[in-house]
Undergrad: 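Take this structure first; my questions come after.
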Amino acid sequence: MNAAHLEAFKAIVTDSRLTVKPDDLQVYGKDWTRSTPNPLAVVFPKTTDEVSRILRYCNEHKINVVPSGGRTGLAGAANASHLELVISLEKMNQILGIDPINMSVTAEAGVIIETLQKAAKDAGLFYPVDLAAKGSCQLGGNIATNAGGLKLIRYGGTREQVLGLEVVLADGTVLDLNYDLRKNNIGYDLKQLFVASEGTLGIVTKATMKLVTLPKDLRLTCMATDSFEKITQLLGLVNLRGIHPTAFEFFTKACLNLVLKHQTQRQNPFQDKHAFYVLLEFEKQPEGAKDPMEPFLEEAFERGLISDAVIATSSSEFHNIWGLRELISESVSMEGLVRKNDIALPISSLPPFIKEMEKVLGNVKDVQMFLFGHIGDGNLHLNYSGPTSMDYEAFRKLTRETELEVFKLVEKYRGSISAEHGIGVLKKADLHFCAPKEVVTTMRKIKAVFDPQGILNPGKIFDL
């Protein structure tokens, strides 16, 4: 980037909010994936007007840009490796208002999710998109990737929370789509185009999001079972008995052993080891209503769906049990080399898919699979792990070959190769497994309308 461009950006954001320091370029030029960041500069706008002026200048001078949030993604969508300008939204971090009557919150894109949740809780309400990365991921990034999380089965993902957006287009045009409305039939719902678009159509600067009533007196049980098929049958029983879970998660024995190995403060709530574990969380019933937990577990035992179960009866037990699930990703990273995938399938297709996937994995040596996920919405997290003594390139080649076989099964069962983290760079070559060419062609046409010069996050999702 020549000196004239730098001076132009400094005139918009001042010297203090533009950096070309090598350390800053490394930090802001990548997400949680392995990559070699190589941005030209990073700017930190504080207002929508500044974002608009930056993009207008970039569009006029054909300077590619990469929007940046908390950079917690696992698909490379926030990577800047080809001399792009990184536009970080982290200084646009104000919560602009909470409306307890309309049950909504309006906030800038750089607000950290945990901060948003705390503000909602202080107002007696709840922001329901609950993620492991909530302490660092930002609202705009969650919208750009349609983040899901632990509570999706009850409340939906980020898309379902969006009431309105403010978005800046590539040419600097500001779209005011920030209606605080539950019903709004005025034609095309443009705001939904920007959800999950990974910053390729525009940069979200402000959003109005739904809030819900604060969950009270959550009940939690951890159930053990000997087959994956019984997990989906358990979910069916939950539905039949009218239980409305706030979470329905699962993990394998290998995951439990891994957490107990690396998180020594955690305890196994069971005497014996089992093949699979399921977490069921739901709100306590209203005063006078019968608690469904005991009869549900009794019926699950009678049907042979579970072999053991524990109920959290204290806050410490609640915290310990949830930790067995939430600390899996961290423990996998501590174990050795890792390759991660998040896929989604119709819930009824999960058992046959798992059986076929196990056959694929059975032919792979030196790599272990740690499997867990949000079973209530069909989301599986696949974590391929290899010993640190293994050559990384050999590990990468082996897991990539295995991954392609798994993606073929995803295609067979009409699933998605990306349930939460988007396509970005890393899954771009695999988009065909779940998006026919006609779909991708239509996406390209939409991209051409909003960003005809292709400056917004180029090379992400698909190539032009």
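Along the sequence shown, the residues carry numbers beginning at 1.
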Undergrad: Using atom types as modelled and distance alone, determine if a side-chain donor or acceptor of Asn320 lies under 3.5 Å from a backbone N or O of Gln267.
TA: yes

Undergrad: What heavy-atom pair brings Ser81 and Asn38 nearest, and what distance separates the two atoms?
TA: O-CB, 3.5 Å

Undergrad: Given side chains that start at C-beta, do those of Ile375 and Leu350 come closer than 4.5 Å, heavy atoms only?
TA: yes

Undergrad: Which residue, Arg266, His262, Gln263, forms the side-chain hydrogen bond (donor to acceptor under 3.5 Å, both in side chains) with Ser331?
TA: Gln263

Undergrad: Quick one: which residue pairs count as a ring pair (Phe, Tyr, Trp, His ring centres under 6.0 Å) with a foot in residues 188-213, not counting sequence neighbours?
TA: Phe194-Phe450

Undergrad: Taking side-chain hydrogen bond (donor to acceptor under 3.5 Å, both in side chains) as the test, write out the residues that go with Gln192, two or more places apart.
TA: Arg159

Undergrad: With heavy-atom distances below 4.5 Å as the criterion, would you say the side chains of Glu108 and Glu166 are in contact?
TA: no

Undergrad: Atom CD1 of Ile113 and atom CG of Asn142: how far apart are they, to the nearest 0.5 Å?
TA: 4.0 Å

Undergrad: So, Ser316 and Ser314: side-chain donor and acceptor under 3.5 Å apart, yes or no?
TA: yes

Undergrad: What pairs of residues pass the salt bridge (Lys or Arg N to Asp or Glu O under 4.0 Å) test when at least one of them lies in residues 140-151, not counting sequence neighbours?
TA: Lys151-Glu281

Undergrad: List, one per line, each side-chain donor-acceptor pair under 3.5 Å for residues 352-360, sequence neighbours excluded.
TA:
from   : atom 1 : to     : atom 2 : distance (Å)
Glu356 : OE1    : Lys412 : NZ     : 3.3
Glu356 : OE2    : Lys412 : NZ     : 2.7
Glu356 : OE2    : Tyr413 : OH     : 2.5

Undergrad: Answer whether the closest heavy-atom distance between the side chains of Leu398 and Met390 falls below 4.5 Å.
TA: yes

Undergrad: Not counting sequence neighbours, list each pair that qualifies as a ring pair (Phe, Tyr, Trp, His ring centres under 6.0 Å) and has a residue in residues 416-446.
TA: Phe407-Phe433

Undergrad: Measuring from Leu89:CG to Thr205:OG1, what's the distance to the nearest 0.5 Å?
TA: 7.5 Å

Undergrad: With side chains defined as the heavy atoms from C-beta onward, is the minimum distance between Val27 and Arg71 less than 4.5 Å?
TA: yes

Undergrad: Between Asn383 and Ser385, is there a side-chain donor-acceptor contact under 3.5 Å, judged purely by atom types and distance?
TA: no

Undergrad: Applying salt bridge (Lys or Arg N to Asp or Glu O under 4.0 Å), which residue pairs with at least one partner in residues 242-254 are found, sequence neighbours left out?
TA: Glu249-Arg325

Undergrad: Which heavy-atom pair separates Pro245 from Arg154 by the least distance, and what is that distance?
TA: O-CB, 3.2 Å

Undergrad: Is there a donor-acceptor pair under 3.5 Å between the side chain of Lys447 and the backbone N or O of Leu456?
TA: yes

Undergrad: When you measure from the side chain of Glu420 to the backbone of Ala147, do you find a donor-acceptor pair of N or O atoms at a distance under 3.5 Å?
TA: no

Undergrad: What are the two closest non-hydrogen atoms of Ala309 and Leu297, and how far apart are they?
TA: CB-CD2, 4.1 Å

Undergrad: Using 0.5 Å steps for rounding, measure from the OG atom of Ser68 to the NZ atom of Lys30.
TA: 13.0 Å

Undergrad: If you compare all heavy atoms of Cys434 against all heavy atoms of Gly415, which two are closest, and at what distance to 0.1 Å?
TA: CB-O, 3.3 Å

Undergrad: Check whether Ser104 reaches the backbone of Met209 with its side chain - one donor and one acceptor, N or O, closer than 3.5 Å.
TA: no

Undergrad: Checking side-chain hydrogen bond (donor to acceptor under 3.5 Å, both in side chains) for the pair Asn268/Lys273: CA distance, chi angles, key distance, verdict?
TA: CA-CA 9 Å; Asn268 186 354; Lys273 296 289 181 68; over 6 Å; no

Undergrad: Any side-chain to backbone donor/acceptor pair from Asn379 onto Gly373? Under 3.5 Å, distance only.
TA: no

Undergrad: Could you please spell out the steps behind the side-chain contact (heavy atoms from CB on, under 4.5 Å) verdict for His82 and Asn64?
TA: CA-CA 9 Å; His82 304 287; Asn64 292 336; over 6 Å; no

Undergrad: Of all heavy-atom pairs between Ile423 and Glu198, which one has the smallest distance, and what is that distance?
TA: N-OE2, 2.7 Å

Undergrad: What pairs of residues pass the salt bridge (Lys or Arg N to Asp or Glu O under 4.0 Å) test when at least one of them lies in residues 395-408, not counting sequence neighbours?
TA: Arg339-Glu403, Glu393-Arg396, Lys397-Glu401, Arg400-Glu403, Arg400-Asp430, Glu405-Lys408

Undergrad: Would you please name every residue forming a ring-ring contact (aromatic ring centres under 6.0 Å, His included) with Phe270, sequence neighbours left out?
TA: His274, Tyr277

Undergrad: Calculate, to the nearest 0.5 Å, the distance between atoms OG1 and CG belonging to Thr72 and Asp31 respectively.
TA: 8.0 Å

Undergrad: Can you measure from CG (Asn79) to OG1 (Thr36) and round to the nearest 0.5 angstrom?
TA: 9.5 Å

Undergrad: Sequence neighbours excluded, which residues qualify as salt bridge (Lys or Arg N to Asp or Glu O under 4.0 Å) partners of Asp180?
TA: none

Undergrad: Let's go through Thr200 and Asn457 carefully: what are the C-alpha distance in whole Å and the side-chain angles of both, what is the deciding distance for side-chain hydrogen bond (donor to acceptor under 3.5 Å, both in side chains) to 0.1 Å, and is it a yes or a no?
TA: CA-CA 5 Å; Thr200 62; Asn457 222 4; over 6 Å; no

Undergrad: Can you check whether Lys460 reaches Val425 side chain to side chain, under 4.5 Å on heavy atoms?
TA: yes

Undergrad: Closer than 3.5 angstrom, by distance alone: can the side chain of Glu283 be matched with the main-chain N or O of Lys216 as a donor-acceptor pair?
TA: yes

Undergrad: Can any side-chain N or O of Thr225 pair as donor or acceptor with the backbone N or O of Phe276 at less than 3.5 Å?
TA: no

Undergrad: Answer yes or no: is there an ion pair linking Lys191 with Asp189, defined by an N-O contact shorter than 4.0 Å?
TA: yes

Undergrad: Please list all pairs passing the ring pair (Phe, Tyr, Trp, His ring centres under 6.0 Å) test where one or both residues lie in residues 375-406, with sequence neighbours left out.
TA: Phe372-His381, His374-His381

Undergrad: Is there a side-chain contact between Phe462 and Thr441, using heavy atoms and a 4.5 Å cut-off?
TA: no

Undergrad: Closer than 3.5 angstrom, by distance alone: can the side chain of Glu160 be matched with the main-chain N or O of Gly157 as a donor-acceptor pair?
TA: yes

Undergrad: Does any pair with a residue in residues 373-383 pass salt bridge (Lys or Arg N to Asp or Glu O under 4.0 Å), and if so which ones, sequence neighbours excluded?
TA: none

Undergrad: Let me know which of Leu279, Leu150, Leu234, Leu152 forms a side chain to side chain contact (heavy atoms under 4.5 Å, CB included) with Phe248.
TA: Leu234

Undergrad: How about Ile446 and Leu193: do any of their side-chain heavy atoms sit closer than 4.5 Å?
TA: yes

Undergrad: Would you give the length of the straight line joining atom CG of Leu431 to atom OG of Ser418, rounded to the nearest 0.5 angstrom?
TA: 9.5 Å

Undergrad: Would you mind writing out the side-chain donor-acceptor pairs for residues 121-131 within the sub-3.5 Å range, not counting sequence neighbours?
TA:
from   : atom 1 : to     : atom 2 : distance (Å)
Asp122 : OD2    : Lys118 : NZ     : 3.2
Asp130 : OD1    : Gln117 : NE2    : 3.4
Asp130 : OD1    : Lys134 : NZ     : 3.1

Undergrad: Can Asn178 and Thr106 be said to form a side-chain hydrogen bond (donor to acceptor under 3.5 Å, both in side chains), step by step?
TA: CA-CA 9 Å; Asn178 206 26; Thr106 299; 4.8 Å; no

Undergrad: Is there side-chain contact between Ile311 and Met293, with heavy atoms separated by less than 4.5 Å?
TA: yes

Undergrad: Would the number of heavy atoms belonging to other residues, nucleotides or ligands and lying under 6.0 Å from CZ of Arg414 be above 12?
TA: no

